[in-house]
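These notes concern the structure reproduced below.
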Protein chains: 2
Amino acid sequence: MPHGSILRELRQTKPFPSNREEAFVGILRTADMLRWRISEVLEPEGITLAQFNVLRILRGARETGLPTLEIGARLVEQAPGITRLIDRLELAGLVRRERPRADRRQVLCHIEKKGLALLSRLDTTVPQASEVLFAGLASAEIDQLITSLDAIRSVCAARCTSLRKQ
Amino acid sequence: MPHGSILRELRQTKPFPSNREEAFVGILRTADMLRWRISEVLEPEGITLAQFNVLRILRGARETGLPTLEIGARLVEQAPGITRLIDRLELAGLVRRERPRADRRQVLCHIEKKGLALLSRLDTTVPQASEVLFAGLASAEIDQLITSLDAIRSVCAARCTSLRKQ
DNA sequence: AGACAATAGTTGATATGTCAAGCAAACTCG
DNA sequence: CGAGTTTGCTTGACATATCAACTATTGTCT
């Protein structure tokens, strides 16, 4: 069966002018669905995907903590509104902020016990969800997928970096 | 070279627990970059990616026009705020709305000459951009990518449809 | 030391997305 | 026919994203 399921999904009849464009749309559409599915899992805990990612990043730096903008740089998806995102996490008691003496410009963020507890509740359900979603693909196929996406991002990054940092 | 570029990009050290999770993150991250790159191309025309997609959908139905919610259903990414999105397009003179006599509940949307002109200005630059971004991949690799993404979405859709329509 | 720039983050204005409730036209069925 | 339901869309309230200024601290250069 040739691919073409996107055409059906979008109820279009014209074929894509090139497979690059089809892949382009396919990536956006798949990401949207994945984001949607994972949000379903996160909803009971009352956090968004971006907040979840921030918490996981902070868990990875539990002892030292991380400055605000460093968190932003590590986020999967860009988040210029990182300050206010962390405002909400702090308000919810999941995160703590502190201004270190060494460099008083920066603000170190630490995950709180409450945040760790929340993450540990998700540690089984989130991987479970991605297991299910990728069930239709063989392991080698997933590896190939990862490699292809990496290649796209490396081209993209080469043309982006100069602009991203201004 | 084994994949692992995401780890570098996110400045993480721990490997992903499974390649499914790595693929998951890879898709979200790649989609974010693509969205960012394409927005750059659209910016000079003053429209967003969602608005661009709506215009293209309406161009595909030039003669008949389309009811508002039908446009929403065809969008690449979900857009519940379709009404206000079209409000802005109408305000910009790119789209026209009309309430047909046959079924006066629905609102038919048509693309205006100004909208068609805008799209035609993008008809070369947008495909060019995706050409560049996928330059690192062989055509067969792109086909494989499309197939894999289709497979993910088909699993996802099977579990989503029931919820999407409530 | 003092001027200037760079860094780290915050804030405000504005745009956009999201959710639930609401309204009116059309359908359904006793 | 007419009460109740469904469909198609809009609206309001609120959350979040985006962009451009702005503050405070530190680093750099003469």
* Is any side-chain heavy atom of B:Ser120 less than 4.5 Å from a side-chain heavy atom of B:Asp123? -> yes
* To do: Check the distance between D:dC9's C1' and B:Glu98's CD and give it to me in whole angstrom.
  => 15 Å
* Is there side-chain contact between B:Phe52 and B:Ile38, with at least one heavy-atom pair below 4.5 Å? -> no
* To do: Classify every nucleotide of nucleotides 20-25 of chain C by which part a protein heavy atom approaches to under 4.0 Å, writing B for the base, S for the sugar-phosphate alone and - for neither, in 5'-to-3' order.
  => -----B
* Structure fact -> Here the distance between atom P of D:dC19 and atom CD1 of A:Ile82, to the nearest Å, is 16 Å
* Asked: Tell me: CZ of B:Arg101 to P of D:dG8, nearest whole Å?
  -> 20 Å
* Asked: Can you check the A:Gln51 CD to D:dA17 P distance for me, whole Å?
  -> 8 Å
* Salt-bridge contact A:Arg97-A:Asp87 (side-chain N to carboxylate O under 4.0 Å) -> yes
* **salt bridge (Lys or Arg N to Asp or Glu O under 4.0 Å) partners for B:Glu112, two or more places apart** => B:Arg96
* To do: Would you check if A:Ile152 and A:Ile27 make a side-chain contact, meaning some heavy-atom pair closer than 4.5 Å?
  => yes
* Asked: Taking only residues two or more places apart in sequence, or in another chain, which ones meet A:Arg35 in a salt bridge (Lys or Arg N to Asp or Glu O under 4.0 Å)?
  -> A:Asp32, A:Glu77
* Report the distance from atom CG of A:Leu69 to atom P of C:dA6, rounded to the nearest whole Å. => 17 Å
* Asked: Which one, D:dC9, C:dT10, C:dG12, comes nearest to the side chain of A:Arg84?
  -> C:dG12
* Structure fact -> Side-chain atoms of B:Val107 come closest, of D:dT10, C:dT10, C:dG12, to D:dT10
* Earlier contact from the 5' end, DNA chain C, for A:Glu43 and A:Pro67 -> A:Pro67
* Integer-rounded Å distance: D:dG8 P and B:Leu66 CG -> 13 Å
* Listed partners of B:Glu98 passing salt bridge (Lys or Arg N to Asp or Glu O under 4.0 Å), at least two apart -> none
Got a list of side-chain donor-acceptor pairs under 3.5 Å for residues 41-51 of chain B, not counting sequence neighbours?
| unit_1 | atom_1 | unit_2 | atom_2 | d |
| --- | --- | --- | --- | --- |
| B:Glu45 | OE1 | B:Arg121 | NE | 3.3 |
| B:Glu45 | OE1 | B:Arg121 | NH2 | 2.8 |
| B:Glu45 | OE2 | B:Arg121 | NE | 2.8 |
| B:Thr48 | OG1 | B:Gln51 | N | 3.2 |
| B:Gln51 | OE1 | B:Thr48 | N | 2.9 |

* Determine the sole option in B:Arg105, B:Arg99, B:Arg101 for which the salt bridge (charged side-chain N to carboxylate O under 4.0 Å, His left out) test with B:Asp103 is passed. => B:Arg105
* Asked: Atom CG of B:Leu85 to atom C1' of D:dT11: distance rounded to whole Å?
  -> 16 Å
* Structure fact -> Residues of residues 87-96 of chain A with a heavy atom under 4.0 Å from any atom of DNA chain D, listed by number, are A:Arg88
* Whole Å only: how far is the CG atom of A:Leu75 from the P atom of D:dA17? -> 10 Å
* Which of these nucleotides, C:dA13, C:dT16, C:dG9, is closest to any side-chain atom of A:Thr83? -> C:dG9
